[in-house]
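See structure below.
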Amino acid sequence: MKYYSQTSSGFKVKDFSIKHTVESAQPLTFYADYDLDNGLIEYPSGRNFVKVAAKAKGTRTSVMLKSSNMAAAKRDFAGRFGLKDDMDEIYSRIDTDSFVHEAIERYHGMRVTVNDPWETTLCFIISQYNNVKRIRLIVKNFVKAFGTDIYDQNGKVIGRSFPTSEELMGFGESDFRKQGAGFRAKYIASAAEYCTNSLDLYKLSAKNYDNLKEELMEIDGVGDKVADCIALMGYGSMDAFPIDVWVKRTLERMYFKGRKRTIKQLHRFAEKRWDGYRGYAQQYIFHTGRNI
DNA sequence: ACCCAGGCGGGCG
DNA sequence: CGCCCGCATGGG
């Protein structure tokens, strides 16, 4: 085992709020082991572990990273938190009405995160018919039970990896139930096998949204909504517009006078209205809807 | 106690 | 295609 010493590196980002981003419940991987009030977050990235200390100053955030592999940590952080996204452009494109406008002001700097595809798949299989608090708890349990330790240069444990699909194949449905997965345990067992032996998630691309979604829906436990979540938060496909109970309710309330609409009708509505950056629109709607 | 949560698969008409 | 059901579990 080769150990690397941890180094630190700092930088500033415009129009970036790590607080809104993490609180918006999209990187479910931040399994509650963070201290957001003090801007402290830490998470595994493969076999690397990234510690983040962030300070907000107006619409700017200064970020300090600490990791054993700084190059990988910077790459991962920038990728995960959508730091390349042109927020001026995005805001101007999704700012179609007063509701979205206020959401943008309220959660200024919230990014759409792009996480590891398998990690996203597992998190959102767990998310179905569940609430955010419990999802994070179950994900945390999975990391603790099925992940592996990550060490610093002195052999001291600094964190734990997110379990790969292959690693999960060493366990079964009953093990997943013990970690709180409930009826989703059978989906997880099936998905772990499928994503290890039949579908290489790392060869899929966000370029063709329809094809990506079709492939993802072949996974047991992944339907229309979860596939959209994976497409958006695992691949960064801005064509995806996941409609969960919150988004559905909020759209009906804000755009249809509270009248019920089908998921299909809402998809059609969003497709035209926020074409190009649907994923971003969805995240602002979701986060606002949960906090009205 | 009752209701709900970032839904899905399966069965039915 | 649409509709309806069961599903595990913990928190409000």
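Source: prediction; values computed, not measured. Throughout, a chain's letter reflects where its sequence line sits, starting with A, and its residues are numbered from 1.
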With the side chain of [X] defined as its heavy atoms from C-beta on, choose the nearest nucleotide among [options].
X	options	result
A:K264	C:dA8, B:dC8, C:dG2	C:dG2
A:W246	B:dA5, B:dG9, C:dG2	B:dA5
A:K133	C:dG10, B:dG7, C:dG11	C:dG11

Whole-Å gap separating [atom2] ([N]) and [atom1] ([X]):
X	N	atom1	atom2	answer
A:I230	B:dG7	CD1	P	13 Å
A:I138	B:dG7	CD1	C1'	14 Å
A:I263	C:dC3	CD1	P	12 Å
A:R134	C:dG10	CZ	P	6 Å
A:Q128	B:dG10	CD	P	12 Å
A:D224	B:dG9	CG	P	10 Å
A:I135	B:dC4	CD1	P	17 Å
A:L137	C:dG10	CG	P	9 Å

| task | Taking the six-membered ring of A:W274 (Phe, Tyr or Trp), confirm whether the NZ or CZ of A:R278 is under 6.0 Å from its centre and within 45° of its axis. | result | no
| Do the side-chain N or O atoms of A:K248 get closer than 4.0 angstrom to the phosphate oxygens (OP1, OP2) of B:dG7? | no
| For A:R249 and B:dA5, is the shortest distance between a side-chain N/O and OP1 or OP2 below 4.0 Å? | yes
| Which residue lies toward the 5' end of DNA chain B, A:Y187 or A:R290, if each is placed at its nearest nucleotide? | A:R290
| said: Need to verify one output field. Residue with the more 5' nearest nucleotide on DNA chain B, A:N130 or A:V226? | reply: A:N130
| said: Stacking between A:Y129 and B:dC8, defined as ring centres under 5.5 angstrom apart with planes under 30°, is that present or not? | reply: no
| Ring-base stacking, A:F183 with C:dA8 (5.5 Å, 30° cut-offs) | no
| query | Under 3.5 Å, side chain of A:E252 to main-chain N/O of A:R261, donor-acceptor pair present? | reply | yes
| request: Please assess A:E166 against A:T164 for the test side-chain hydrogen bond (donor to acceptor under 3.5 Å, both in side chains), listing each intermediate value before the final yes or no. | output: CA-CA 5 Å; A:E166 195 167 4; A:T164 64; 5.4 Å; no
What is the nucleic acid contact for [X], judged by heavy atoms within less than 4.0 Å: base, sugar-phosphate only, or nothing?
X	answer
A:T250	nothing
A:R184	base
A:M217	nothing
A:Q179	nothing

| remark: When every non-hydrogen atom of A:T262 is compared with those of A:Q265, the smallest separation belongs to N-OE1, 2.8 Å
| Presence of salt bridge, A:R273 and A:D97, under 4.0 angstrom | yes
| Heavy-atom side-chain proximity of A:D210 to A:E214 below 4.5 angstrom | no
| message | Give me the distance, rounded to whole Å, that separates B:dG11 from C:dA8 when you measure between the P atoms they each carry. | response | 16 Å
